[in-house]
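All remarks here apply to the structure that follows.
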Amino acid sequence: MTDKKLNKISAPKGVPDYVPPASAQFIAVRDTFAHHIRLAGYEHIELPIFEDTTLFARGVGESTDVVSKEMYTFADRGGRSVTLRPEGTAGVMRAVIEHNLDRGQLPVKLGYYGPFFRYERPQAGRYRQLQQVGVEAIGVDDPTLDAEVIALADRCFSSIGLKDYRLELTSLGDATCRPAYREKLQEFLLKLPLDDATRHRAEINPLRVLDDKRPEVQELTADAPLMLDYLSPQAREHFEAVTGCLDDLGVTYVINPRMVRGLDYYTKTCFEFVHDGLGAQSGIGGGGRYDGLMAQLGGQELSGIGFGLGVDRALLALEAEHTQVADPARVDVYGVALGAPAKRRLLTLINELRAAGIRADMSYGDRGLKGAMKGADRAGARFALVLGDRELDAGIVAVKNLVDHTQTDVPLGQVAETLGHHVRGQ
Ligand code: HAM
C-alpha cells in the first residue's frame, strides 16, 4: 500500500462527455431526430464502430482531409488495418451490398446514429468523437427523394426548436458534366499565383480550393467558374426538380454555388444546414446524393442520397438560442420515508409508480425530512410522497404538490392512479 495519490485521468483531448443535466438534452435531441426519421419510413441500421481501412479510403476518397489526415487507423492484433468510422455513409453502403439489401424493394431507407471519429484540431464544436444521426435512401435516382431527405433534415432541426439556421443548396453535377467542369476550374486555378500547398490541392482536388477560407485565396478565386453554370441538361433538370419540390414543401433554402463538402462521393444535389450562432464550426448537418459510391465499393450501379446531422452542434445551437428540448426534471415524483418500516413500504410504492409509467425516485440513506425534501427539489419532482409511521398505520401517504404547495392524503393503493392524471405523458 502506498499513500501517494494517483493522478486523475481526463477524457482524451477533443472528446466530449455528456453528463447530467446536459445528457438529458443530448438524448432528447438524438431521440427526436430518430423519431422523425422513423416517421418517414427509415429502418434502423446498427453499424460497426470500426471497419476495414480500405472501405473509407475507397469510399470517402484518398484526397479528402478526412481520409488523408483525420482517420484513427491502427493495426489490430491480427495485423489487419482497421479504422474507427469517420462517417456513416460508406459503412451503410458496405452493409447494403454485403446483405443484398439492394436486391429487394427500392429505395432502401436506413437510419443510424452514434459516435464517429475524426482526428481534427479540437475547438468549440469540433470534436474528435462526434455524434451524428443519419439516413441513407439507396437505389432510386429521383429528385422527389432528394427533396424528402432535405425536408426531413429540416423537420429534425425545427422539431427540436431551432430557428436561426438556414439551408444551403447546390448541385455538384453528374458524370457527364463534372469532369469537364473540373478541368475548366483546374485550368483557371493553375493560372493563379497560388502558394505551393494550394497549387498542389488545385492539382489533386480543385473543388476544395473554392472552400479555402483565407481572404486572399477567396479574392483570387472570386471569378472562378462555378459548377452550377456548367450543369448538363439532365443534372440541371434534376436540380430544378429538387428546388421545385422544396418550394412545394415550404422548405426555404439559399443556393450556394461555392459549397464544397469534405467527402468525395457527392454528385448532383448537395446541401448543408448552417447555424450562425456557432462561430467557425457552423455546419449543423449536411448531405447529398452519391451516384458512384455503391459501384465504387463493389456493388451495383445504384445512386443514393442521405444526410448526417451533428448532434453535438445541434446542442450548441440550442444553447446559442437559449432553448431546451428536454424537461430538465429527473423525475416527477420523489418519495421520502421517515423510519425503517415506512422506507420498506415506500420502496414497493415507488416501484408500483414506475410500473405505471410514472418517473419516480426516493430518498435513500438516513436523511432527515429536510435533507430528503432537498433531494426532491434537486430531482425536479412535482410531487413528494411523505410516508411516516402515522401514514403507514392509516394506510395512506401524504402527497405534497411542490408547485402549488398543497398537500393531500391519498390511500396507498390509489397513488399511481391519482398521480397518473397529473404527471406529463399520462
Ligand atoms: P459531414 O458533413 O462530414 O457529412 O458531417 C455531418 C455533420 O456532422 C456536420 O454537418 C457536423 O454537424 C457534424 N460533424 C462533422 N465533423 C464534426 C466534428 N469534428 N465535431 C462535431 N461535429 C461534427 C457526413 O458525415 C456524411 N456521411 C453525411 C451524409 C450522409 N451524406 C450522405 N449521406
Side-chain angles (χ1 to χ4, degrees), residues 12-16 18 26 29-30 33 37 42 45 47 51 55-56 59-61 64-67 69-72 84-94 96 107-138 145-146 148-150 152-153 156-157 160 162 165-168 172 211 259-275 277-294 303-318:
K13 206 173 156 218
V15 175
Y18 290 100
F26 173 87
V29 167
R30 192 194 63 189
F33 289 175
I37 283 167
Y42 289 79
I45 181 163
L47 294 163
E51 297 263 9
L55 173 67
F56 302 114
V60 176
T64 59
D65 281 356
V66 170
V67 170
K69 300 186 194 154
E70 297 169 2
M71 293 208 302
Y72 279 89
L84 300 185
R85 59 184 191 184
E87 61 99 53
T89 313
V92 171
M93 235 29 68
R94 196 250 330 123
V96 165
V108 182
K109 293 172 87 174
L110 300 168
Y112 53 90
Y113 54 77
F116 297 88
F117 305 86
R118 298 182 188 180
Y119 194 80
E120 296 197 77
R121 203 163 40 79
Q123 62 178 81
R126 187 161 70 195
Y127 305 132
R128 289 184 172 167
Q129 177 173 312
L130 58 120
Q131 301 273 347
Q132 279 185 16
V133 174
V135 301
E136 312 295 342
I138 304 145
L145 187 57
D146 299 42
E148 170 189 291
V149 166
I150 295 171
L152 178 55
C156 285
F157 287 130
I160 57 168
L162 280 183
Y165 66 89
R166 66 177 178 280
L167 161 63
E168 296 190 352
L172 292 180
D211 193 32
M259 184 195 304
V260 176
R261 304 269 303 131
L263 312 158
D264 263 1
Y265 44 65
Y266 292 115
T267 51
K268 300 198 189 99
T269 315
C270 236
F271 56 93
E272 224 157 51
F273 286 82
V274 179
H275 195 282
L278 295 189
Q281 306 309 314
S282 57
I284 54 173
R289 183 165 278 287
Y290 38 86
D291 282 345
L293 179 58
M294 196 147 164
S303 179
I305 177 156
F307 62 60
L309 310 183
V311 176
D312 314 275
R313 289 193 193 161
L315 285 162
L316 292 170
L318 284 170

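Just so you know, residue 1 is the first one in the sequence shown, and it goes up from there. Atoms within each ligand, like the ligands themselves, are counted from 1 in listed order.
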Under 3.5 Å donor-acceptor pairs involving side-chain atoms of residues 128-136, not counting sequence neighbours:
residue, atom, partner, partner atom, Å
R128, NE, E120, O, 2.8
R128, NH2, E120, O, 3.3
E136, OE1, Y290, OH, 2.6
E136, OE2, T89, OG1, 3.0
E136, OE2, Y112, OH, 2.7

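- For ligand 1, residues of the protein lying within 4.0 angstrom by heavy-atom distance are E87, T89, Y112, R118, E120, G125, R126, Y127, L130, Q132, E136, R261, L263, Y265, Y266, G283, I284, G285, G286, G287, G288, Y290, G306, F307, G308, G310, R313.
- Heavy atoms from other residues, nucleotides or ligands lying under 6.0 Å from OH of Y119 number 12 at most.
- In this structure, Y113 has no side-chain hydrogen bond (donor to acceptor under 3.5 Å, both in side chains) partners at least two apart in sequence or on a different chain.
- Here L172 contributes atom CG and T269 contributes atom OG1; the two are 9.0 Å apart, rounded to the nearest 0.5 Å.
- No side-chain heavy atom of I284 sits less than 4.5 Å from a side-chain heavy atom of L309.
- Here salt bridge (Lys or Arg N to Asp or Glu O under 4.0 Å) pairs that include residues 278-289, with residues two or more places apart or in two chains, are D141-R289, D146-R289.
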